[in-house]
Amino acid sequence: MLSGVLLAKFLNMYSYFHRKTKALGEPQIFNIETTNLCPMDCVMCPRRHMKRKLGHMDFNLYKKIINQIKGNTYSIWLHHFGDPLMHPELYKFIEYAEKNKVKTKISINPGFLTKEIGKKIIDAKLTHLHISLDGTNDAMYKKLRGRNADYNKAIENINEFLKLKKGKKPYVSLAMIHMKETKDKIEEFRKKWDVKGIDKVEIKEFTTWDGSDKEIIKLAEDSQKSEGFQKSLKYPCVRPWHRMTVLWDGRVVPCCFDYDGKYILGDLNKESLKEIWNGKQMRKLRKQHITNNFEDNELCKNCKEKYVFEKNKD
C-alpha cells in the first residue's frame, strides 16, 4: 500500500511543479467531515458564519469513499467543521477505515470525551487523537471556546481517557493555539501535560482560514501572525494538487479552510473521486492558482494561508 501512496504523491507533485491542470496521480483526501455539529463557540473559528445545513455523514456514503481511496491513501482526518465525537456512529467510521488499512485521526473538544466514547474509539483502533485545549483555567477556556466550555470537565475527561489508553494507540497530541491570551501560559501548559499517555504537547500557529472573517484577521494580527501573511504569490498554492476535503453531505471542496462550501468541486453521491479530482471545477481551480487570478473565487481570493513550493532554480 505504501508504494501506492508514494506514487500518487510523486505524480501529483510532479503535476504541481510542471503546472499541469490535470493531476497525474490518484485522488487524495485530507479530511472527511463526519459531522458539522458542534456546540462550542470558539472565537478563532469561522463556523459561526456557516450557512450550510447541519448533519451527520451517512455510513454507506462513507464506505463508498473509503473503498475509493484505500490503496493510495495512508491516513485521513475524520473531522472538518464539527466535533466528530457528536456523530453517534463515529466508532464504526474509524473501524471501517482501519480495517481497510487507512489510518484514522480525529481532532476533538475534550468536554465530549466521555468514558464510554473513549472506550469505543480505542476499541475501534483509532490511530491518532488530537485534543484541543486552549487555556490553563476555566476563565481563559470559556473566553476562547465559548460558554459551553467547561475546563474542569475537560481535564477530568482527558485524565479518564489516559487511564483507558493501553499501549501506544491511539497516539495522543494535546494542543493550545498561540494567541495573545495564551502566549504567557505556554510553558505552564507544556509542563502540566508532560505526563504519561500524552505523546505530544503542541502549540499551534493561529489560522486565518479563508481570510474572509475580519474578527479572526484581527485576532491573528494580535497574535503577531501578520508578518507571515500572503506568502509568495509567484507560485501557486499546492493544495489543489495535493488533497481534497469531503463535507458530511458528500460534496467535495478544495481544502480544510472551506468551512461553508464556497467552492464545490463535485458531489460523491453522483460522481467518483477520480471524476472530481480532474473534473472541470478542479482544473479551473488549478488554472486560477497557476495564473494567480481569483476574480470569481470567493474561497481563495482573500486566503492568507496559501502553501507554496518554489520551483528548483537549477
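Because the structure is predicted, anything quoted here is derived from the model rather than measured. Atom set for the values below is all heavy atoms of this structure, side chains included, hydrogens, waters and symmetry mates excluded.
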Is it true that I121 and L78 fall in one hydrophobic cluster, defined by side-chain heavy atoms closer than 4.5 Å? yes
L144 and I177: same hydrophobic cluster, using ILVMFWY side-chain contacts below 4.5 Å? yes
I'd like to know if the side chain of K165 reaches the main chain of G197, judged simply by a donor and an acceptor atom lying under 3.5 Å from each other, with no hydrogens or angles considered. yes
Give me the atom names and distance for the closest heavy-atom approach of D150 to K142. CA-NZ, 4.2 Å
Taking atom types as modelled, is there a side-chain donor on N67 or Y96 under 3.5 Å from an acceptor on the other? yes
In the structure I gave you, are the side-chain heavy atoms of I264 and V252 within less than 4.5 Å of one another anywhere? no
Between F294 and K301, which heavy-atom pair has the shortest distance, and what is it? O-CB, 3.6 Å
Decide yes or no on ring pair (Phe, Tyr, Trp, His ring centres under 6.0 Å) for H178 and F206, but give the supporting numbers first. CA-CA 6 Å; H178 184 280; F206 192 95; 9.4 Å; no
Do K92's NZ or CZ and the ring of F59 fall within the cation-pi criteria of under 6.0 Å and 45°? yes
Does the side chain of T35 come under 3.5 Å of the side chain of H56 through a donor N or O and an acceptor N or O? yes
D138 with R145: basic N within carboxylate O range, under 4.0 Å: no
In terms of hydrophobic clustering (I, L, V, M, F, W, Y; side-chain heavy atoms under 4.5 Å; direct or indirect links), are M86 and L247 co-clustered? no
Lys NZ or Arg CZ of R48 over W209 ring: under 6.0 Å, within 45°: no
I'd like to know if the side chain of H87 and the backbone of E89 have a donor-acceptor N/O pair within less than 3.5 Å. yes
Answer whether the closest heavy-atom distance between the side chains of W241 and L11 falls below 4.5 Å. no
Kindly compute the distance separating CD (E187) from NZ (K191), expressed to the nearest 0.5 Å. 6.5 Å
Residue pair K105, H130: steps toward the side chain to side chain contact (heavy atoms under 4.5 Å, CB included) verdict: CA-CA 7 Å; K105 303 179 283 187; H130 181 85; over 6 Å; no
Within a strict 4.5 Å, meaning less than it, do heavy atoms of the Y171 and L129 side chains meet? no
Does T245 form a side chain to side chain donor-acceptor pair (under 3.5 Å) with E33? I'd like the steps, not just the answer. CA-CA 8 Å; T245 290; E33 183 180 65; over 6 Å; no
Given side chain to side chain contact (heavy atoms under 4.5 Å, CB included), test D83 with L37 step by step and report yes or no. CA-CA 6 Å; D83 192 310; L37 273 71; over 6 Å; no
Check this for me: K262, atom NZ, are more than 12 non-hydrogen atoms of other residues, nucleotides or ligands nearer than 6.0 Å? yes
Without hydrogens or angle criteria, can the side chains of Q288 and D296 be said to hold a donor-acceptor pair below 3.5 Å? yes
Search all heavy atoms of N36 against all heavy atoms of K53 and return the closest pair with its distance. ND2-O, 2.8 Å
Can you find a pair of side-chain heavy atoms, one from L85 and one from I106, that are under 4.5 Å apart? yes
Does F112 share a hydrophobic cluster with L133, counting links as ILVMFWY side-chain heavy atoms below 4.5 Å and allowing steps through other members? yes
Within-4.5 Å side-chain heavy-atom neighbours: R239 and F30: no
Judged by atom type as modelled, is there a donor-acceptor pair below 3.5 Å linking the side chain of N269 to the main-chain atoms of D249? yes
Would you confirm whether D213, through its side chain, and E215, through its main-chain N or O, come within 3.5 Å as a donor-acceptor pair? yes
Please find the pair of heavy atoms, one from I66 and one from A97, that lie closest to each other, and give the distance. CD1-CB, 4.1 Å
Got P110 and I158 here, is their nearest side-chain heavy-atom distance under 4.5 Å? yes
Would the number of heavy atoms belonging to other residues, nucleotides or ligands and lying under 6.0 Å from NZ of K63 be above 12? yes
Think R19 forms a cation-pi with Y16, using NZ or CZ under 6.0 Å from the six-ring centre and within 45 degrees of its axis? yes
Applying the 4.5 Å side-chain criterion to the ILVMFWY set and letting contacts propagate, would Y91 and L126 be lumped into a single cluster? no
Measuring only between side-chain heavy atoms, which start at C-beta, is M244 closer than 4.5 Å to W277? yes
Would you kindly say whether T104 and E98 are connected by a side-chain donor-acceptor distance under 3.5 Å? yes
Please round to the nearest 0.5 Å and tell me the distance separating atom NE2 of H242 and atom OG of S15. 13.5 Å
Under the 3.5 angstrom rule, does the side chain of D258 hit a backbone N or O of P254 as a donor-acceptor pair? no
Between CD1 on residue I76 and CD1 on residue I32, distance to nearest 0.5 Å: 4.0 Å
Side-chain (N293) to main-chain (E295) donor-acceptor, under 3.5 angstrom: yes
To the nearest 0.5 Å, tell me how far R251 CZ sits from D267 CG. 8.0 Å
The reported gap from CG in N152 to CG in N157 (rounded to nearest 0.5 angstrom) is 11.0 Å
Does a donor on one side chain sit under 3.5 Å from an acceptor on the other, for E305 and T208? yes
Neighbour count above 12 (heavy atom, 6.0 Å) for K169 NZ: yes
Give the minimum heavy-atom separation between P39 and N148, together with the two atoms involved. O-ND2, 2.7 Å
pair I108-S132: side-chain heavy atoms closer than 4.5 Å: no
So that I can tick it off, tell me whether K218 and E221 are bridged by a salt bridge, with the cut-off set at under 4.0 angstrom between side-chain N and carboxylate O. no
Minimum heavy-atom distance between G261 and V253, given as atom pair plus value: CA-CG1, 3.9 Å
Hey, are Q68 and S272 close enough side-chain-wise for a donor-acceptor pair under 3.5 Å? no
Counting N and O atoms only, with roles assigned by atom type, does the side chain of D134 sit under 3.5 Å from a partner on the main chain of M176, one being a donor and the other an acceptor? no
Between CG on residue L273 and CD1 on residue I29, distance to nearest 0.5 Å: 4.5 Å
Between W77 and H128, does the ring centroid distance fall short of 6.0 Å? yes
